[in-house]
Number of protein chains: 2
Amino acid sequence: MTISGGRAERTVEGGDRHGGRHLDASRDAALRDAALRLLAQIGYDRLTVDAIATSAGAGKATIYRRWSGKAELVVDALLSHKPHLEAPDTGSLRGDLRELALRASAHTGEPLDSSVMVGLASALPRDPDLRAAFEERLVEPHRRVLATVFERAVARGEIAPVANVDLVVSLIPALVLYRLLVQTQEIDPAFIQSIIEGVILPLVLAGPVSLQSTPTH
Amino acid sequence: MTISGGRAERTVEGGDRHGGRHLDASRDAALRDAALRLLAQIGYDRLTVDAIATSAGAGKATIYRRWSGKAELVVDALLSHKPHLEAPDTGSLRGDLRELALRASAHTGEPLDSSVMVGLASALPRDPDLRAAFEERLVEPHRRVLATVFERAVARGEIAPVANVDLVVSLIPALVLYRLLVQTQEIDPAFIQSIIEGVILPLVLAGPVSLQSTPTH
DNA sequence: GTGATACGGAACGGTTCAGTTGCGGAACTA
DNA sequence: TAGTTCCGCAACTGAACCGTTCCGTATCAC
């Protein structure tokens with residue numbers, strides 16, 4: 001049982017085997033891809049190990065030779081998933097945000113981050129490992145990119161320092177998730193445009209809250 | 001088969017039966033309550049008919065005598081669910097929003113709307129009936145209350161007419177859903193307070209976007 | 001070569017769940 | 001009273017899925 005500690009990484013580990021055929025690394029990738037693809041399509045709860053194997057053109061034994069089950073495979077697939085990391089730098093906050101919008105709405109054929117988000121949603125509250133991987137590979141990268149964009153806008157003197165950055169940064173993903181999940185509508189460029197022009201920019205351009213003389217009562 | 005058309009409403013229908021014991025209306029309510037309670041606890045996908053029956057102290061046959069299965073029962077339970085409908089009217093926008101925040105964070109023992117929202121999330125994209133009921137009983141009432149609050153603020157001259165009301169109104173539920181689902185954190189009063197003071201009020205108090213001279217490039 | 005192991009595929013037992021049926025008893029109509 | 005239907009409860013069938021174990025074949029170390 002050469003199971004490594006934290007994460008499930010066995011493939012091409014150069015372990016203590018003495019002979020016989022090696023694990024085929026291409027099978028790892030195919031299975032992880034299939035897992036993410038199906039996850040985005042049907043969601044975590046309805047995802048079955050059989051479907052992943054079939055979709056990858058593999059046998060179930062090939063899966064269980066690598067992972068202990070669906071949960072571990074999906075977590076590993078998420079951790080192997082490399083999203084867009086570089087923050088755009090067009091020279092203006094509006095331009096940067098528009099660039100991010102383009103990325104988010106570009107259907108690249110790859111399993112869309114947002115679809116994976118929706119597919120995982122229901123399982124997150126009850127699986128800490130899943131939630132951690134989700135946080136590390138989907139939420140945090142997006143948060144970092146957005147935070148960078150705002151930092152640069154501040155450095156340019158374009159906007160005043162944002163008081164509650166975490167809250168402002170969560171506005172876009174929150175509205176995207178809400179639209180996908182609750183409103184069951186597409187994320188088209190017009191929608192993201194309206195978020196940028198109608199919420200984000202007014203909020204950060206207005207500067208700190210003026211807190212008018214409205215008595216708090 | 002006295003199945004009515006659109007919605008599943010059979011109980012106390014005074015149908016064409018000629019003798020025998022009547023359907024017990026208290027069983028309807030108990031089963032609907034149990035369905036919503038379990039839905040909020042474990043989510044739609046893991047919800048089982050057996051669990052609903054047991055939780056309500058009923059037999060499965062009692063369920064199938066009324067509904068065709070889990071989907072129809074949950075939809076009916078949602079449609080029977082009556083949420084808070086009255087918009088608060090404290091005299092100020094901030095006061096009204098705070099009042100709404102109090103409601104949202106008050107754990108009344110009844111299945112929380114937000115928990116039901118989370119529990120339904122994964123099933124919404126694939127069940128139109130479920131989505132329609134969800135929209136009618138959870139999303140739209142909250143939207144209407146919020147819209148009313150903003151309308152009154154405009155009528156008082158407290159704020160300028162909000163350009164994109166639908167977007168602004170979806171900010172609170174979107175951020176709440178995001179916090180519950182993605183961040184897996186409680187909806188405490190401080191969180192809602194930060195939404196109100198950090199997002200909503202700055203946004204509507206700032207008035208229409210000034211659209212600074214930043215060139216669109 | 002020889003033995004060990006991975007591969008896709010199929011089959012198997014075990015578990016969970018949906019939906020149905022039968023039981024004894026209760027509640028209703030006629 | 002007699003007949004009908006609901007009630008909780010339990011048992012049952014069939015389907016879906018999990019995880020394991022084979023098979024025949026392919027690929028590796030020695």
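All of these numbers come straight from a predicted model, not from anything done at the bench. Scope of the values below: all heavy atoms of this structure, side chains included, with no hydrogens, waters or symmetry mates.
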Counterpart residues, side chain to side chain contact (heavy atoms under 4.5 Å, CB included), relative to Ala153(B) (two or more places apart): Leu93(B), Arg156(B), Glu158(B), Ile159(B)
Five-pair end axes of the helix from dG1(C)-dC30(D) to dA30(C)-dT1(D) and the angle they enclose, rounded to 10°: 10°
Results of salt bridge (charged side-chain N to carboxylate O under 4.0 Å, His left out) for Glu140(B) - residues two or more places apart only: Arg143(B)
Selected nucleotide, minimal atom distance to Thr62(A) side chain, candidates dC7(C), dA18(C), dC6(D): dC7(C)
Partner set under side chain to side chain contact (heavy atoms under 4.5 Å, CB included) for Thr148(A), not counting sequence neighbours: Ala87(A), Arg152(A)
Value in whole Å for how far the P atom of dC28(C) lies from CG of Asp24(B): 9 Å
Pairs where residues 47-62 of chain A contributes a residue and the test salt bridge (charged side-chain N to carboxylate O under 4.0 Å, His left out) is met, not counting sequence neighbours: Asp50(A)-Lys60(A)
Side chain to side chain contact (heavy atoms under 4.5 Å, CB included) partners of Pro88(A), counting only residues at least two apart: Asp96(A), Glu99(A), Leu100(A), Arg103(A), Val145(A), Val149(A)
Which nucleotide in dG19(C), dC7(D), dC7(C) has an atom nearest any side-chain atom of Leu23(A): dC7(C)
Nucleotide nearest Arg27(B) (side chain, heavy atoms from C-beta), chosen from dT20(C), dG8(D), dT29(C): dG8(D)
Atom-pair distance (CD1 on Ile42(A); C1' on dA16(D)), nearest Å: 13 Å
Any residue of residues 45-61 of chain B with a heavy atom less than 4.0 Å from an atom of DNA chain C: Leu47(B), Thr48(B), Val49(B), Asp50(B), Lys60(B), Ala61(B)
Nucleotide dG9(C), atom P - distance to CD1 of Ile63(A) in whole Å: 12 Å
Any residue meeting side chain to side chain contact (heavy atoms under 4.5 Å, CB included) with Gln41(A), in chain and number order, not counting sequence neighbours: Arg37(A), Leu38(A)
All N/O donor-acceptor pairs, side-chain side in residues 170-177 of chain B, below 3.5 Å, sequence neighbours left out:
residue	atom	partner	partner atom	Å
Ser170(B)	OG	Asp166(B)	O	3.3
Ser170(B)	OG	Leu167(B)	O	2.8

Side-chain donor or acceptor of Ser194(A) paired with backbone N/O of Phe191(A) under 3.5 Å: yes
Between P of dA6(C) and CH2 of Trp67(A), the distance in whole Å: 14 Å
Flag, side chain of Lys70(A) to backbone of Ala35(A), donor-acceptor distance under 3.5 Å: no
Side-chain heavy-atom pair Val116(A), Leu78(A) within 4.5 angstrom cut-off: yes
Length of the line joining Arg21(B):CZ and dA26(C):C1', which is rounded to integer Å: 5 Å
Residues 124-131 of chain B side chain polar contacts: donor-acceptor under 3.5 Å, at least two apart:
residue	atom	partner	partner atom	Å
Arg126(B)	NH1	Ser122(B)	O	3.3
Arg126(B)	NH2	Asp45(B)	OD1	2.3
Asp127(B)	OD1	Asp129(B)	N	3.1
Asp127(B)	OD1	Leu130(B)	N	3.1
Arg131(B)	NE	Thr184(A)	OG1	3.4
Arg131(B)	NH1	Val182(A)	O	2.4
Arg131(B)	NH1	Thr184(A)	OG1	3.3

N/O (side chain, His22(B)) to phosphate O (OP1/OP2, dT29(C)) under 4.0 Å: yes
Rounded distance (Å) that lies between atom C1' of dG9(C) and atom OH of Tyr64(A): 16 Å
4.5 Å side-chain heavy-atom contact, Arg66(B) and Glu72(B): no
Atom-to-atom span, CZ of Arg65(B) to P of dT21(C) - whole angstrom: 12 Å
Nearest-Å distance for atom pair NZ/P, residues Lys70(B) and dT16(C): 16 Å
Close residues, residues 125-134 of chain A, relative to DNA chain D [heavy-atom separation under 4.0 Å]: none
Given dC6(D), dG8(D), dT29(C), the nucleotide with the shortest approach to the side chain of Arg66(B): dC6(D)
